[in-house]
Amino acid sequence: MSAPTAYPDYSPGLQGIIAGITTISEIDVPTSSLTYRGINVHELAEHAVFEETAYLLLMGKLPNKTELAEFKARISNESAIPQPVIDALKLCPKNMHPMDKLKMAYSMLGAMDSDYEADPISHEANVRKAIRIVAKAANLVAAAHRINEGLDPISPDPELGIAANLMYTMKGEKPDEFVTKVMDASLTLYAEHGFNASTFACRVCVATLSDLYSGVVTGIGTLKGPLHGGANEEAMYMLMEIDKMGDAAKWTHDALASKKKIMGFGHREYRVGDSRAAYMSKLGKEIGQRVGDTHWGDIAETMERIMWDEKKLFPNVDFPSAYAYYLLGIPIPLYTPIFVVARTTGWCAHMIEQLDNNRLIRPTCIYEGPKVTEFVALENR
Ligand code: ACO
């Protein structure tokens with residue numbers, strides 16, 4: 001989108017504006033590649049568990065075996081949800097979206113954190129808070145879901161990692177090795193992505209010297225929207241509508257002709273593709289083959305071909321994640337909350353980076369309202 005000529009310095013949606021410096025991740029647009037602290041995200045998704053990525057993002061380097069074992073133990077020790085939060089989740093209206101429940105839960109958890117009164121710029125306190133935030137996310141998503149279903153929450157198994165525990169505490173059955181690997185990869189791919197809308201919102205929040213929990217609540221609220229993380233849920237509802245209608249090609253052509261936004265396609269940064277989507281698409285098709293249901297992958301392929309041929313638009317990571325999660329039997333309203341489980345790592349890494357070298361984030365705007373005019377007293381209006 002080009003800036004209006006009257007304001008050459010203005011870029012709508014801040015497109016292309018450099019809003020900060022980071023050492024956390026890099027998007028290379030020409031190659032559509034993504035690295036976390038210099039390591040290709042595909043290598044991490046292929047060879048590492050999610051906790052290794054979490055450690056890398058928060059601590060700045062990959063853990064060795066001892067560091068990873070200690071980190072996993074810390075995550076496990078910090079994963080329990082305090083009873084007042086469980087009680088509050090029980091009071092939530094049944095129709096309340098899990099993302100809104102997460103905002104509520106993290107607001108409460110902030111006040112229960114032993115570092116609640118800590119200096120907001122204390123690096124050590126912020127790392128401790130970050131670990132507690134990350135540790136509780138999967139358990140919170142699962143507990144909120146089970147409570148909504150009238151079931152008792154399940155305690156995470158200390159022998160399992162975050163990915164396996166997410167599935168276990170959600171469904172009540174321990175996942176097999178393949179499902180655990182898919183979740184580890186999915187969480188890794190969703191963990192971090194530069195100055196995306198929610199991460200930027202987190203940074204704006206803490207730059208006022210607010211706190212990490214307030215930043216996470218800000219991030220969750222921002223991720224919820226369908227132009228951002230909420231697209232994975234919307235993409236699945238769309239795929240179900242297409243499936244019901246029975247003609248993916250016609251649906252896609254009609255949607256484009258009516259200028260409909262097709263969820264799970266397009267990206268602000270990438271130009272030719274999102275490598276995370278390619279990776280998830282491969283996994284989604286593999287899950288489809290294992291469970292004997294390849295038709296979601298077929299619908300997806302038809303849409304992807306038409307979107308590229310007609311509009312040069314490609315799927316982003318939310319598109320294949322949607323049908324991959326569906327095939328894993330995950331309820332649709334939990335798709336964006338699972339994104340939160342992953343992205344708490346990137347959000348916290350960015351908020352710590354922001355606070356380690358802080359300056360208030362306060363851009364400016366162009367005023368186009370009425371010229372200065374006289375105040376008219378109430379009785380004369
Ligand atoms: N379906 C149809 N047309 C699209 C789509 C889409 N998904 N995405 C972009 N376009 C079209 C727009 O209509 C516009 O066309 P025009 O120039 O003829 O008006 C052009 O491409 C540019 O689109 P913008 O919306 O201006 O691009 P922007 O960079 O602002 O938006 C965004 C990027 C929000 C991701 C957009 O592509 C979109 O809405 N996609 C669908 C929602 C989605 O999948 N969001 C998830 C993003 S990834 C993530 O958050 C993890």
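By convention here, the first residue in the shown sequence is residue 1. Each ligand, and each atom within it, is numbered from 1 in the order the structure gives.
Considering backbone and side-chain atoms alike, His228 places an N or O below 3.5 Å from some N or O of ligand 1. For ligand 1, the polar-atom distance check finds no N/O of Phe339 at less than 3.5 Å from any of the ligand's N/O atoms. Considering backbone and side-chain N/O atoms, Phe265 comes within less than 3.5 Å of an N/O atom of ligand 1. Some N or O of Arg268 is nearer than 3.5 Å to an N or O of ligand 1, by distance alone. Considering backbone and side-chain atoms alike, Ala231 places every N or O at 3.5 Å or more from each N or O of ligand 1.
Contacts between Ala235 and ligand 1, counted as non-hydrogen atom pairs separated by less than 4.0 Å, are absent for every part of the residue. Contact annotation: for Ile262 versus ligand 1, heavy atoms closer than 4.0 Å belong to both the backbone and the side chain. With a 4.0 Å cut-off on non-hydrogen atoms, Leu313 touches ligand 1 through its side chain and not its backbone.
When the heavy atoms of Thr336, Leu189, Asn316 are ranked by distance to atom 48 (S) of ligand 1, first place goes to Asn316. Comparing heavy-atom distances from atom 2 (C) of ligand 1 across Lys260, Lys312, Lys311 singles out Lys260 as nearest. The closest heavy-atom contact to atom 13 (O) of ligand 1, among the options His193, Lys261, Gln15, Met307, comes from Lys261.
Tyr325 and Asn232 share no side-chain donor-acceptor pair at under 3.5 Å. Side-chain contact, Glu43 with Tyr36: no donor N or O sits under 3.5 Å from an acceptor N or O. Using a 3.5 Å distance cut-off with no hydrogens or angles, the side chains of Arg37 and Thr23 do pair a donor with an acceptor. A donor-acceptor contact under 3.5 angstrom links the side chains of Gln83 and Asp87, judged on distance only.
In this structure, Phe319 falls outside the shell of residues with a heavy atom less than 4.0 angstrom from ligand 1. Distances shorter than 4.0 angstrom do not occur between any heavy atom of Ala197 and any atom of ligand 1. Note on ligand 1: Gly264 sits in its first shell, one or more heavy atoms being nearer than 4.0 Å.
Ring planes of Phe195 and His350: perpendicular class, angle over 60° (limits at 30 and 60°).
Ligand 1 places these atoms under 4.0 Å from at least one heavy atom of Asp318: 46 (C), 49 (C), 51 (C). Contact atoms of ligand 1 toward Pro226: 42 (C), 43 (C), 45 (N) (distance under 4.0 Å to a heavy atom of the residue).
Listed by first then second residue, pairs satisfying side chain to side chain donor-acceptor pair (under 3.5 Å) with a partner in residues 257-273 read His193-Tyr270, not counting sequence neighbours.
With respect to the salt-bridge test (charged N to carboxylate O, under 4.0 angstrom), the residues Glu78 and Arg132 qualify.
Tyr279 carries Lys282 over the face of its six-membered ring, with the cationic atom under 6.0 Å from the centre and within 45° of the normal.
The shortest side-chain heavy-atom distance between Trp251 and Met238 falls under the 4.5 Å cut-off.
Under the salt bridge (charged side-chain N to carboxylate O under 4.0 Å, His left out) criterion, Asp157 pairs with Lys174, sequence neighbours left out.
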